[in-house]
Protein chains: 2
Amino acid sequence: MRPEHKNVPALPAGPHLDSDCRGAASVLARVGDKWSVFVIMMLGDGPKRFNEIKRMIGGISQRMLTLTLRGLERDGLVTRTVFPTIPPRVDYELTDLGRGLSAPVKALGTWAIEHQPEIQRARMKFDARNDNA
Amino acid sequence: MRPEHKNVPALPAGPHLDSDCRGAASVLARVGDKWSVFVIMMLGDGPKRFNEIKRMIGGISQRMLTLTLRGLERDGLVTRTVFPTIPPRVDYELTDLGRGLSAPVKALGTWAIEHQPEIQRARMKFDARNDNA
DNA sequence: CAGGATCCACACGGATACTG
DNA sequence: CAGTATCCGTGTGGATCCTG
């Protein structure tokens, strides 16, 4: 067991970057994770079931969703509730900690959506300049 | 040329996730990038030179820093200014767009630092429960 | 339905050497 | 100093098949 989990490496070793920053790195790694961000946003408005989340996100494999949810659970950001029914049902919900995080994450998401066009234009221009290939 | 650049895949194809979200994904991918986040934070207080940034961050290889800066430049988040002196000198600075982004990013960083202990405790507990290995 | 197990590709990222 | 070029290990993540 214990193979993947999302590795949370914590920067190598350098005596650089004050330790707060280094510890924060592993947290940012989770937040920085594309899928984690999406899941947190999806869970923003109430608990959801596994396949429900999967459908909402769309491009994610069940493997990645499982791994992502496991990671978020590990970090105390979401709770996993199993209903021992047939067929089984599992609900995922943000914890208080998770809800706290969802605020800054949403801010980021909002920013991303708002400025997406500018960024895409910047990319086009940049690529155009360097694409003599 | 044009080998890496940070791939910006934009989710596969699924007719899921409203298109705003899908476009935002590629933006979040940049923000989600660990190194990009650090660089943006470093550049938060004024322009910096290449090796200056490298030293401040510490754990990054010059390759990754180059790639990261290239990506940020491509997205119109930082400007690259070359002084044709000997030895050469290159300054990197946040654009207005970049400065706009640095706000939410800092918010996230702050959150990460503040709640890092809770998260680490959550991880310990989680690992303790499942580590019968 | 929710997810564990496996196989596999390939992009990411480190180390090193070389250049303007 | 600020890169580029190359080699190469490995984590990440998709696809597929199987179970309670």
Shortest non-hydrogen pair, A:Val78 vs A:Leu69, comes out as CG2-O, 4.1 Å
What is the separation between atom [atom1] on [X] and atom [atom2] on [N], rounded to the nearest whole Å?
X       : N      : atom1 : atom2 : result
B:Arg55 : D:dA2  : CZ    : C1'   : 12 Å
B:Leu67 : C:dC12 : CG    : P     : 9 Å
A:Lys48 : C:dA2  : NZ    : C1'   : 17 Å
B:Phe50 : C:dG20 : CZ    : P     : 18 Å
B:Ile60 : D:dG3  : CD1   : P     : 12 Å
A:Lys34 : C:dA11 : NZ    : C1'   : 13 Å
B:Glu52 : D:dC1  : CD    : P     : 11 Å
A:Arg63 : C:dC1  : CZ    : C1'   : 20 Å

CZ/B:Arg123 to CD/B:Gln116 distance, rounded to the nearest 0.5 angstrom?
-> 9.0 Å
Does B:Thr95 use its side chain to pair, donor to acceptor, with the backbone of B:Gly76 at less than 3.5 Å?
-> yes
How is B:Phe83 classified with respect to the nucleic acid when contacts are heavy atoms under 4.0 Å: base, sugar-phosphate, or nothing?
-> nothing
Please state whether the phosphate of C:dC1, meaning OP1 or OP2, lies under 4.0 angstrom from any side-chain nitrogen or oxygen of A:Tyr92.
-> no
Taking the side chain of [X] as heavy atoms from C-beta outward, which of [options] is closest to it?
X       : options               : value
B:Pro88 : C:dG13, C:dG4, D:dA2  : D:dA2
B:Val90 : D:dG14, D:dG3, C:dG4  : D:dG3
A:Pro87 : D:dA2, C:dC1, D:dG3   : C:dC1
B:Met64 : D:dG3, D:dT16, C:dG13 : C:dG13
A:Gln62 : D:dC17, C:dC1, D:dA2  : D:dC17
B:Arg49 : C:dC1, D:dG14, D:dC1  : D:dC1

Any Lys/Arg nitrogen of A:Asp33 or A:Arg30 sitting under 4.0 Å from an Asp/Glu carboxylate oxygen of the other?
-> no
Would you call A:Lys125-A:Asp127 a salt bridge at under 4.0 Å N-O?
-> no
